[in-house]
Amino acid sequence: MANELEQSVKDIFVTLMTEAHSDDGAIFNVRFLDDDILPHVDCIIELIGQKDFLPFCYVQLKSTKTGYTKKDKRLKVKFSQESVTGLSSYPAPTYIVGIDEKEETGYIVSANGNDLSSFASIPTDFPINKPNRGTLWNEVNDFWYRARKIKFNSTFVESEDE
């Protein structure tokens with residue numbers, strides 16, 4: 001189940017994700033979900049600027065006011081094995097974002113990564129900044145571009161006989 005988020009955490013995340021990327025503005029649109037819509041998902045991030053289709057990814061947010069570990073400078077946020085497994089089970093790009101409420105910064109890690117399990121901190125290797133927003137946009141766009149090449153044939157189509 002997605003964690004209960006304070007409005008301040010949502011505001012920090014939206015500010016980080018929707019900061020102008022170029023003269024054209026933001027490259028992401030953030031849509032928060034009610035807790036019961038998709039278990040383990042706090043929001044859907046839609047990509048802005050793709051004309052042919054609407055790529056998106058799922059995000060679970062975790063926040064802390066306790067800062068970082070001394071040894072590795074990892075953000076102290078807790079995430080259960082159930083949440084990792086649940087989030088990564090969606091057939092789409094999924095991410096965990098840790099928000100440092102005091103510094104108003106955020107860090108992103110893929111939930112589709114290797115050997116993810118429960119943890120008490122996340123790496124700070126990928127802060128939410130302009131270069132990493134661009135990398136995220138490309139990663140999610142590339143996933144959906146490749147996925148569109150799989151032809152879906154539904155049984156529920158209008159018959160030509162009618």
Side-chain angles (χ1 to χ4, degrees), residues 1-19 21 26-64 74-101 105-157:
M1 185 63 117
N3 59 331
E4 293 289 323
L5 293 171
E6 295 179 16
Q7 188 61 46
S8 61
V9 173
K10 292 179 179 181
D11 291 344
I12 293 167
F13 181 66
V14 169
T15 298
L16 291 170
M17 291 303 292
T18 61
E19 185 176 320
H21 192 76
I27 58 174
F28 294 108
N29 185 27
V30 178
R31 298 192 184 276
F32 285 96
L33 305 174
D34 291 333
D35 284 339
D36 295 332
I37 292 178
L38 292 175
H40 312 292
V41 175
D42 288 318
C43 57
I44 295 174
I45 308 300
E46 299 171 334
L47 277 59
I48 297 172
Q50 175 52 265
K51 306 288 188 237
D52 299 326
F53 56 100
L54 184 58
F56 65 93
C57 63
Y58 295 123
V59 173
Q60 166 89 214
L61 294 174
K62 294 292 183 179
S63 65
T64 186
R74 294 169 60 95
L75 186 65
K76 294 179 184 177
V77 293
K78 293 181 179 162
F79 210 81
S80 70
Q81 179 63 52
E82 177 188 358
S83 291
V84 173
T85 303
L87 185 59
S88 65
S89 69
Y90 290 102
T94 56
Y95 300 91
I96 301 160
V97 171
I99 299 290
D100 177 345
E101 292 182 62
T105 56
Y107 304 92
I108 190 165
V109 63
S110 174
N112 303 107
N114 297 332
D115 300 324
L116 283 179
S117 61
S118 63
F119 50 85
S121 65
I122 66 168
T124 56
D125 299 340
F126 305 105
I128 299 175
N129 58 24
K130 185 174 182 173
N132 287 331
R133 280 192 305 270
T135 299
L136 178 63
W137 194 99
N138 289 329
E139 183 172 287
V140 173
N141 187 65
D142 290 349
F143 171 86
W144 289 110
Y145 180 80
R146 287 189 307 276
R148 288 181 63 232
K149 294 183 183 268
I150 300 169
K151 179 72 172 146
F152 174 69
N153 292 310
S154 177
T155 302
F156 305 98
V157 296

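Below, all heavy atoms of this structure are taken into account, side chains as well, without hydrogens, waters or symmetry copies.
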Interatomic distance, [X] atom [atom1] to [Y] atom [atom2] [nearest 0.5 angstrom]:
{"X": "Ser121", "Y": "Lys62", "atom1": "OG", "atom2": "NZ", "answer": "13.5 Å"}
{"X": "Asp125", "Y": "Ile108", "atom1": "CG", "atom2": "CD1", "answer": "12.5 Å"}
{"X": "Ile122", "Y": "Tyr107", "atom1": "CD1", "atom2": "OH", "answer": "9.0 Å"}
{"X": "Asp11", "Y": "Glu101", "atom1": "CG", "atom2": "CD", "answer": "11.0 Å"}
{"X": "Cys57", "Y": "Glu139", "atom1": "SG", "atom2": "CD", "answer": "9.0 Å"}
{"X": "Cys43", "Y": "Lys10", "atom1": "SG", "atom2": "NZ", "answer": "9.0 Å"}

Without swapping roles, check the side chain of [X] against the backbone of [Y] for a donor-acceptor pair under 3.5 Å.
{"X": "Asn132", "Y": "Pro127", "result": "yes"}
{"X": "Ser89", "Y": "Gly86", "result": "yes"}
{"X": "Ser80", "Y": "Ser83", "result": "yes"}

Taking side chain as C-beta onward, heavy atoms only, is [X] less than 4.5 Å from [Y]?
{"X": "Val30", "Y": "Phe13", "answer": "yes"}
{"X": "Ile96", "Y": "Leu87", "answer": "yes"}
{"X": "Phe32", "Y": "Ile44", "answer": "no"}

Quick one: closest heavy-atom pair of [X] and [Y], and the distance?
{"X": "Arg133", "Y": "Ile27", "answer": "O-CD1, 3.7 Å"}
{"X": "Asp42", "Y": "Leu61", "answer": "OD2-N, 2.7 Å"}
{"X": "Asp52", "Y": "Gln50", "answer": "N-OE1, 3.1 Å"}
{"X": "Ala92", "Y": "Trp144", "answer": "CB-CZ2, 3.7 Å"}

**OP:** Identify which one of Thr64, Leu75, Leu16 satisfies the side chain to side chain contact (heavy atoms under 4.5 Å, CB included) criterion when paired with Ile99.
**Re:**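 Answer to the side chain to side chain contact (heavy atoms under 4.5 Å, CB included) test with Ile99 among Thr64, Leu75, Leu16: Leu16.
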Original post:
Looking at Phe119, does the NZ or CZ of Lys78 lie under 6.0 angstrom from its six-membered ring centre and within 45 degrees of the ring axis?
Top reply: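 No, a cation-pi geometry is absent between Lys78 and Phe119.
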Original post:
Who are the ring pair (Phe, Tyr, Trp, His ring centres under 6.0 Å) partners of Tyr58, not counting sequence neighbours?
Top reply: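 Counting only residues at least two positions away or on another chain, Tyr58 forms a ring pair (Phe, Tyr, Trp, His ring centres under 6.0 Å) with Phe56, Tyr90.
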Original post:
Among all residues two or more places apart in sequence or in another chain, which pass the side chain to side chain contact (heavy atoms under 4.5 Å, CB included) test with Ile150?
Top reply: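 Ile150: no side chain to side chain contact (heavy atoms under 4.5 Å, CB included) contacts found.
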**OP:** Identify, with sequence neighbours excluded, every residue that meets side chain to side chain contact (heavy atoms under 4.5 Å, CB included) alongside Leu47.
**Re:**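 Per chain and number, Leu47 pairs via side chain to side chain contact (heavy atoms under 4.5 Å, CB included) with Phe28, Pro55, Trp137, Val140, Asn141.
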Original post:
For Phe53, does the CZ atom have more than 12 heavy-atom neighbours from other residues, nucleotides or ligands under 6.0 Å away?
Top reply: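 Buried by this count: over 12 neighbours within 6.0 Å.
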**OP:** For Glu19 and Thr15, test the side chains for any donor-to-acceptor distance below 3.5 angstrom and give the result as yes or no.
**Re:**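 Absent: no donor and acceptor within the cut-off.
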**OP:** Give a yes-or-no answer on whether the side chains of Asn112 and Thr94 include a donor-acceptor pair shorter than 3.5 Å.
**Re:**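 Side-chain D/A pair, Asn112 to Thr94: present.
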Original post:
Hey, mind stepping through Met17 and Ile45 against side-chain contact (heavy atoms from CB on, under 4.5 Å) and telling me if it holds?
Top reply: CA-CA 9 Å; Met17 291 303 292; Ile45 308 300; 4.2 Å; yes
